Student: 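I'd like to ask you about the structure that follows.
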2 protein chains.
Amino acid sequence: MVKIQCQRRNTRQRQVVLEELRASFSHPTAGDLYRTVVARMPQISLGTVYRNLEILQESGQAIRLAGCTGQEARYDGRTDPHLHFQCCKCARISDLDTMLPLLDELVGTTVEGHEVTAYQVVLRGTCRACGSSR
Amino acid sequence: MVKIQCQRRNTRQRQVVLEELRASFSHPTAGDLYRTVVARMPQISLGTVYRNLEILQESGQAIRLAGCTGQEARYDGRTDPHLHFQCCKCARISDLDTMLPLLDELVGTTVEGHEVTAYQVVLRGTCRACGSSR
DNA sequence: ATCGTTGCAAAATATTTGCAGTTGA
DNA sequence: TCAACTGCAAATATTTTGCAACGAT
């Protein structure tokens with residue numbers, strides 16, 4: 001059951017997927033990224049985008065977002081610890097700059113017997129755009 | 001774009017789905033619940049389980065869990081605010097009793113222009129069972 | 001030359017939906 | 001009564017995978 005770590009190669013496809021992910025602030029799905037990337041590399045396939053997002057995530061260059069499970073997966077090219085806000089009306093996800101030092105302090109400790117190495121937080125409600133347009 | 005709220009009925013199927021969800025501590029998927037429920041109601045269909053989980057979630061009787069998006073959706077019948085821990089090895093999700101008052105204080109306020117009404121937190125790492133079995 | 005990666009297409013998995021009949025209030 | 005709900009099955013949506021060719025190191 002041990003996962004073998006192989007020597008990753010820096011392919012053009014992987015570079016472009018990461019570039020487009022970093023250039024996006026909309027927390028895109030694999031399909032969103034595919035549509036963006038295919039404009040630059042018409043021959044790339046959706047399967048390759050999925051495979052590369054998985055690899056980028058494993059290597060810490062991308063984050064698969066926490067949010068409601070069971071939806072299309074969303075990714076974030078911003079890897080520093082930060083909170084997310086998801087609007088219940090428009091479903092858009094925003095990065096927040098607000099810090100919660102208490103959470104950072106949990107990392108590296110044991111909580112109720114479990115070793116914590118990372119965390120993700122999603123605040124929900126009505127976003128600025130949806131709230132002001134009422 | 002306004003969602004019409006209709007008068008929900010208390011069907012036997014909905015009752016049983018909620019009962020089994022509350023009796024489970026494994027944060028089951030719709031498929032998990034279907035397999036449990038079908039033992040009591042052999043004629044129930046998977047579509048009905050999906051529809052009822054959606055309705056229970058809307059009415060606040062169940063929560064669709066935060067976790068990595070893009071996985072099979074998981075539900076929780078425990079609706080009081082609490083943190084979750086997901087193990088990176090076995091993927092199991094545990095409820096935590098640890099409180100973060102700071103997060104509770106954000107509810108009802110506006111953060112960076114967004115009105116916060118709820119939050120979900122997932123801590124990740126190695127759970128007690130996986131950590132002790134190394 | 002090696003072996004990780006790719007494109008393609010099919011398969012697998014997960015969720016939603018149309019419809020006709022059923023049922024709770 | 002009658003609109004919400006159900007079972008069924010088909011349709012969609014999302015993700016993974018087998019395979020032969022390709023390409024980074």
Side-chain angles (χ1 to χ4, degrees), chain A residues 3-21 26-59 61-75 91 93, chain B residues 3-21 26-59 61-75 91 93:
Chain A
K3 184 176 263 180
I4 309 298
Q5 180 67 352
C6 62
Q7 182 50 52
R8 294 301 182 191
R9 289 176 185 168
N10 192 17
T11 64
R12 175 109 184 94
Q13 285 85 343
R14 190 163 308 148
Q15 283 167 27
V16 174
V17 168
L18 184 54
E19 280 171 25
E20 294 299 332
L21 176 59
S26 61
H27 307 87
T29 65
D32 292 337
L33 272 171
Y34 171 70
R35 286 181 285 277
T36 311
V37 169
V38 84
R40 288 176 58 183
M41 301 190 92
Q43 83 293 357
I44 201 173
S45 71
L46 179 59
T48 295
V49 173
Y50 270 101
R51 281 186 282 223
N52 277 313
L53 285 170
E54 176 64 24
I55 290 168
L56 290 169
Q57 207 238 166
E58 275 172 13
S59 65
Q61 297 170 279
I63 289 174
R64 184 181 281 135
L65 285 192
C68 282
T69 53
Q71 300 179 328
E72 203 172 349
R74 294 188 161 272
Y75 295 86
I93 298 171
Chain B
K3 184 177 263 180
I4 309 296
Q5 181 67 351
C6 61
Q7 182 51 53
R8 295 300 182 190
R9 287 177 187 169
N10 192 17
T11 63
R12 175 107 184 95
Q13 285 86 344
R14 187 122 78 224
Q15 282 168 27
V16 173
V17 168
L18 184 55
E19 280 171 24
E20 294 300 331
L21 176 60
S26 60
H27 307 88
T29 65
D32 293 337
L33 272 170
Y34 171 70
R35 286 181 286 278
T36 311
V37 168
V38 85
R40 288 177 57 184
M41 299 188 92
Q43 81 294 356
I44 201 173
S45 72
L46 180 57
T48 295
V49 172
Y50 271 100
R51 281 186 281 222
N52 276 313
L53 284 170
E54 176 66 23
I55 290 168
L56 289 169
Q57 206 238 168
E58 274 171 14
S59 64
Q61 297 170 277
I63 289 174
R64 183 182 281 139
L65 284 193
C68 281
T69 53
Q71 301 177 326
E72 201 173 348
R74 293 189 161 273
Y75 295 86
I93 298 171

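All values reported here derive from a predicted model rather than from experimental measurement. In what follows, chains carry the letters A, B, and so on, assigned in the order in which the sequence lines appear, proteins first and then strands, with residues in each chain numbered from 1.
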Student: Roughly how far, to the nearest 0.5 Å, is OG1 of B:Thr29 from CD of B:Gln71?
Tutor: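 Reported value, rounded in 0.5 Å steps: 11.0 Å.
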Student: C:dG4 P sits how many Å from A:Arg14 CZ, rounded?
Tutor: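 So the CZ-P distance, A:Arg14 to C:dG4, works out to 11 Å.
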Student: For B:Ala73, which contact category applies under a 4.0 Å heavy-atom criterion: base, sugar-phosphate, or nothing?
Tutor: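 Contact class for B:Ala73: sugar-phosphate only.
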Student: Would you say A:Glu72 and B:Thr69 make side-chain contact, with heavy atoms under 4.5 Å?
Tutor: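 A:Glu72 does not reach B:Thr69 side chain to side chain.
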Student: If I take atom CZ in residue A:Arg8 and atom C1' in nucleotide C:dT5, what distance separates them, rounded to the nearest angstrom?
Tutor: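 Rounded to the whole Å, the gap is 9 Å.
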Student: Give me the distances for all protein-to-nucleotides 16-18 of chain C N/O pairs that come in under 3.5 Å?
Tutor:
| unit_1 | atom_1 | unit_2 | atom_2 | d |
| --- | --- | --- | --- | --- |
| C:dG18 | O6 | B:Arg51 | NH1 | 3.4 |

Student: Is there a side-chain contact between B:Glu58 and B:Arg8, using heavy atoms and a 4.5 Å cut-off?
Tutor: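 Answer yes - side chains close enough.
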Student: To the nearest 0.5 Å, how far apart are CG in A:Leu46 and CZ in A:Arg51?
Tutor: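 Interatomic distance, A:Leu46 CG to A:Arg51 CZ, rounded to 0.5 Å: 10.0 Å.
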Student: Between A:Leu56 (CG) and C:dG4 (P), how many Å, whole number?
Tutor: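 Rounded to whole Å, this separation is 17 Å.
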Student: Does A:Arg9 make a side-chain N or O approach to OP1 or OP2 of C:dC3 shorter than 4.0 Å?
Tutor: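 No.
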Student: Locate the shortest heavy-atom distance separating A:Tyr75 from A:Leu53; write the atom from each residue and the value.
Tutor: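 Closest approach of A:Tyr75 to A:Leu53: CE1-CD1, 3.6 Å.
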Student: When rounded to the nearest 0.5 angstrom, what is the spacing between CZ in B:Arg74 and CD1 in B:Ile63?
Tutor: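 Atom-to-atom, B:Arg74:CZ and B:Ile63:CD1 are 15.5 Å apart.
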Student: Can you pull the contact range of chain A along DNA chain D, 5' to 3', using atoms under 4.0 angstrom from its heavy atoms?
Tutor: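 Both ends considered, the range comes out as D:dT14 to D:dT25.
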Student: Rounded to the nearest Å, what distance is computed from the CE atom of residue B:Met41 to the C1' atom of nucleotide C:dT22?
Tutor: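 Computing the B:Met41:CE to C:dT22:C1' distance gives 13 Å.
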Student: Start at the 5' end of DNA chain C and walk down; is the nucleotide closest to B:Ala30 or to B:Arg12 reached first?
Tutor: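 That would be B:Ala30.
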Student: Could you give the CG-to-C1' distance, from A:Leu53 to C:dT6, as a whole number of Å?
Tutor: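 Nearest whole value for this atom pair: 15 Å.
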Student: Taking CG from A:Asn52 and P from C:dT5, how many angstroms apart are they, rounded to a whole number?
Tutor: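 It is 8 Å, rounded to the nearest whole Å.
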Student: Report yes if the side chains of A:Leu18 and A:Arg14 come closer than 4.5 Å at any heavy-atom pair, otherwise no.
Tutor: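 Sidechains of A:Arg14 and A:Leu18: no contact.
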Student: Indicate whether OP1 or OP2 belonging to C:dC8 is found under 4.0 Å from a side-chain N or O atom of A:Gln43.
Tutor: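 Checking A:Gln43 against C:dC8: no side-chain N or O falls below 4.0 Å of OP1 or OP2.
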Student: Select from B:Pro42 and A:Asn10 the residue whose nearest nucleotide in DNA chain D is closer to the 5' end of that strand.
Tutor: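 Mapping each residue to its closest nucleotide by heavy atoms, the 5'-most match is B:Pro42.
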Student: Which distance, rounded to the nearest 0.5 Å, do you find between the CZ of B:Arg12 and the CZ of B:Arg40?
Tutor: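 Going from the CZ atom of B:Arg12 to the CZ atom of B:Arg40 covers 5.5 Å.
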Student: Measuring from atom CG of B:Asn52 to atom CD of B:Gln13, what distance do you get when rounded to the nearest 0.5 angstrom?
Tutor: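 Going from CG on B:Asn52 over to CD on B:Gln13, the span is 7.5 Å.
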